[in-house]
Student: 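I'd like to ask you about the structure that follows.
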Amino acid sequence: MIIHSILDTDLYKFSTSYAYIKLFPYAVGKFVFTDRDKTQYSPDFIEKLKEEIKLMSRVALTQEELQYMHKHCRFIPLFYWEWLSSFRFDPDKISVYLDEEQHLHVEATDLLYKVTLYEVPLLALISELKNKHLGRNHDPEEVVKRLEEKLTLSNKAQIPFSEFGTRRRFSFDVQDLIISELKEKSTYYLGTSNCYFGMKHQSKIMGTYPHEWVMFHGAQFGYKHANYMSLENWVNVYDGDLGTALSDTYTSESFLSNLSRKQAKLFDGVRCDSGDELSFVDNLVKRYETLGINPLSKSIIFSNALDFPKAKKIQDYCKGKIQCAFGIGTNLTHDTGHKAPNIVMKLSHCKMNTNQQWRECVKLSDDMGKHMGSISEVQACLHELRIPE
């Protein structure tokens, strides 16, 4: 089994799942897999993937895991973890097939508080299975050597960072090795987004909410109101905990123009996941100053395809302007000498209940060419937000 623990996922999957239970318990969603590299997969790979998905149905929260998560995630109540102990991945909720061009299609559909839990494990599974299928191996000594070069820079430059690499990791074993080394050798390692490894290595578990939370609000309540309502509802659930806002679901410019003074004061900071990081620093600092807030009291978490030299450049730019930290993923968990996958799995459709018609979900990235959704719906979103195409 490649996925052998329900905790082998990112914290924000659980925080978002609980938010759906509390506010939108009847909402239904569909997640769709995308391989941006247009990789061609084989029928044999599909069969092995289906076998692993069947094995995922055996995964269950243990009593030890329940107690750990309840103790270390005070913002999620005990009843959620008790419910999670009865949850099982259902292979019947997942559709897997190859199209005529041998491109992989994976879709998962269920109540949103359940289906959100499928995303990260499926991505990690596909990433590792692809490496196994291609006969790729890794040399643990080489992996550690590559990591030590990064930690030398991090320790010298005092770069605070978290490990965010579950979804595109080379393998479970590589991620395990990386976090073990980080815990032992890194001075400025803050923690991991992966709950299983957080528990195993006694690392702080990091995370807030994903793009899907804003995308759901955009589909249900309109794109103009999506950022504001998603932040308000997050506060309704978590009352000030998990206070890092995600800025780029419908472009950071749209987010900043709608950021209220109350929300800017309440949230600890913002996560920047696409676009030009230095420009975003300037724009966010300006917005805080306009709202009468000292930017140095806030922070930016950068998480867009980072490596340590890039993080140092951003950190140097932030000095004297705003606090910063970094979420580094693939550069940590897939730096084995093999090409890392460029795969995502996003919320594509949702409905508030089973009687409602499906509504399409879209995402507008600050990176050119990374908008997600049908052309017609992306154009409708751009038009509503008055963003030039």
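In this chain, residues are counted from 1 in sequence order. A quick note: this is a predicted structure, and the numbers were derived from the prediction, not measured. No hydrogens, no waters, no symmetry mates; every other heavy atom, side chains included, goes into these values.
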Student: In plain terms, say whether Glu101 and Lys38 are close enough for a salt bridge, that is, a side-chain N and a carboxylate O under 4.0 Å apart.
Tutor: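 No.
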
Student: Asn233 and His217: side-chain donor and acceptor closer than 3.5 Å?
Tutor: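 Their side chains do contain a donor-acceptor pair, which is all the 3.5 Å distance test asks for.
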
Student: Is there a salt bridge (charged side-chain N to carboxylate O under 4.0 Å, His left out) between Asp282 and Lys321? Walk through the geometry before answering.
Tutor: CA-CA 8 Å; Asp282 293 337; Lys321 299 183 180 77; 5.5 Å; no

Student: Answer yes if Phe308 and Tyr188 sit in the same cluster of Ile, Leu, Val, Met, Phe, Trp and Tyr residues linked by side chain heavy atoms under 4.5 Å apart, and no otherwise.
Tutor: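 No; Tyr188 is not reachable from Phe308 via cluster members.
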
Student: Leu7 and Phe164: same hydrophobic cluster, using ILVMFWY side-chain contacts below 4.5 Å?
Tutor: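 In one cluster with Leu7: Phe164, no.
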
Student: What I want to check is whether the side chains of Ser5 and Asp8 have a donor and an acceptor closer together than 3.5 Å.
Tutor: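 Side chains of Ser5 and Asp8: no pair found under 3.5 Å.
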
Student: Report the C-alpha distance between Lys30 and Glu360 in whole Å, list the side-chain angles of each, state the deciding distance to 0.1 Å, and finish with yes or no for salt bridge (charged side-chain N to carboxylate O under 4.0 Å, His left out).
Tutor: CA-CA 10 Å; Lys30 178 185 295 183; Glu360 187 177 354; over 6 Å; no

Student: Just by distance, no angles: are the side chains of Asp35 and His103 close enough, under 3.5 Å, to form a donor-acceptor pair?
Tutor: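 Absent: no donor and acceptor within the cut-off.
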
Student: Return yes if a side-chain donor-acceptor contact under 3.5 Å exists between Gln356 and Gln220, otherwise no.
Tutor: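 On atom types as modelled, these side chains qualify, holding a pair under 3.5 Å.
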
Student: Ring centroid separation for His225 and Phe221, is it under 6.0 angstrom?
Tutor: no

Student: Tell me if the centroids of the rings in Phe24 and Phe216 come within less than 6.0 Å of each other.
Tutor: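 Here the rings of Phe216 and Phe24 have centres that are less than 6.0 Å from each other.
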
Student: Report the C-alpha separation of Arg167 and Glu119 in whole Å, then their side-chain angles, then the decisive distance to 0.1 Å, and conclude whether the salt bridge (charged side-chain N to carboxylate O under 4.0 Å, His left out) test is met.
Tutor: CA-CA 9 Å; Arg167 64 189 59 222; Glu119 175 199 353; 2.8 Å; yes

Student: Answer yes if the side chains of Asp367 and Ser274 hold a donor-acceptor pair under 3.5 Å, and no otherwise.
Tutor: no

Student: Tell me whether Asn294 contacts the main-chain N or O of Leu296 through its side chain, where contact means a donor paired with an acceptor under 3.5 Å.
Tutor: yes

Student: Under a 4.0 Å threshold between the charged nitrogen and the carboxylate oxygen, would Lys132 count as salt-bridged to Glu128?
Tutor: yes

Student: Going by the side-chain hydrogen bond (donor to acceptor under 3.5 Å, both in side chains) test, name the single residue among Gln175, His334, Glu163 that passes it with Arg169.
Tutor: Gln175

Student: One thing to verify: whether Glu148 and Lys185 come together as a salt bridge, which I'm taking to mean a side-chain N less than 4.0 angstrom from a carboxylate O.
Tutor: yes

Student: Any salt bridge linking Glu142 with Arg146? Criterion: basic side-chain nitrogen under 4.0 Å from a carboxylate oxygen.
Tutor: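 Counted as a salt bridge, because a side-chain N and a carboxylate O are separated by less than 4.0 Å.
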
Student: For a quick check under 3.5 Å, do Arg271 and Ser303 share a side-chain donor-acceptor pair by atom type?
Tutor: yes

Student: Please tell me whether Asp248 and Ser252 have a donor and an acceptor in their side chains that are separated by less than 3.5 angstrom.
Tutor: no

Student: Does Lys150 pair with Asp335 as a salt bridge, N-O distance under 4.0 Å?
Tutor: yes

Student: Any side-chain donor paired with an acceptor under 3.5 Å for Ser42 and His133?
Tutor: yes

Student: Would a hydrophobic clustering, with Ile, Leu, Val, Met, Phe, Trp and Tyr connected at side-chain separations under 4.5 Å, put Leu112 with Tyr12?
Tutor: no

Student: Using the ring centroid of each side chain, check whether Tyr20 and Trp213 are separated by less than 6.0 Å.
Tutor: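 Yes: the rings meet the under 6.0 Å criterion.
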
Student: Using a strict cut-off of less than 4.0 Å between a Lys/Arg side-chain nitrogen and an Asp/Glu carboxylate oxygen, indicate whether Asp44 and Lys48 qualify as a salt bridge.
Tutor: yes

Student: Less than 4.0 Å between a side-chain N and a carboxylate O, is that true for Asp316 and Lys319?
Tutor: yes

Student: Quick one about Tyr189 and Ser154 (side-chain donor to acceptor, distance below 3.5 Å, no hydrogens or angles considered), yes or no?
Tutor: no

Student: Output the distance between atom CG (Leu364) and atom OG1 (Thr249), rounded to the nearest 0.5 Å.
Tutor: 9.0 Å

Student: Could you check, using the six-membered ring where one of them is a Trp, whether His4 and Phe172 have ring centers closer than 6.0 angstrom?
Tutor: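 Yes, the ring of His4 comes within the 6.0 Å limit of the ring of Phe172, centre to centre.
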
Student: May I ask you to say whether Arg386 pairs ionically with Glu253, meaning some side-chain N is under 4.0 Å from a carboxylate O?
Tutor: no

Student: So, Trp83 versus Phe87, ring centres under 6.0 angstrom or not?
Tutor: yes

Student: Show your reasoning for whether side-chain hydrogen bond (donor to acceptor under 3.5 Å, both in side chains) applies to His338 and Asn131.
Tutor: CA-CA 9 Å; His338 301 287; Asn131 288 324; over 6 Å; no

Student: Strictly below 4.0 Å, N to O, side chains only: are Lys200 and Asp176 in salt-bridge contact?
Tutor: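 Salt bridge between Lys200 and Asp176, a charged N being under 4.0 Å from a carboxylate O: yes.
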
Student: Does the side chain of Thr116 come under 3.5 Å of the side chain of Lys13 through a donor N or O and an acceptor N or O?
Tutor: yes

Student: Thinking salt bridges, do Asp90 and Lys114 make one under a 4.0 Å N-O criterion?
Tutor: no

Student: Can you label the angle between the Tyr223 ring and the Tyr250 ring as parallel, tilted or perpendicular, going by 30° and 60°?
Tutor: perpendicular

Student: State yes or no: do Phe170 and Phe45 share one hydrophobic cluster built from I, L, V, M, F, W and Y residues joined by side-chain heavy-atom distances below 4.5 Å, directly or via other members?
Tutor: yes

Student: Considering residues at least two apart in sequence or located in another chain, which fulfil the salt bridge (Lys or Arg N to Asp or Glu O under 4.0 Å) criterion with Arg36?
Tutor: none

Student: Going through the distances and angles, do Lys310 and Glu277 end up as a salt bridge (charged side-chain N to carboxylate O under 4.0 Å, His left out)?
Tutor: CA-CA 10 Å; Lys310 183 178 179 180; Glu277 289 86 359; 3.2 Å; yes

Student: Looking at the rings of Phe31 and Tyr118, which for Trp means the six-membered one, are their centres under 6.0 Å apart?
Tutor: no

Student: If you measure only the distance, is there a donor-acceptor pair under 3.5 Å linking the side chains of Ser17 and Tyr80?
Tutor: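 Yes, because at least one side-chain N or O of Ser17 sits under 3.5 Å from a partner of the opposite role on Tyr80.
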
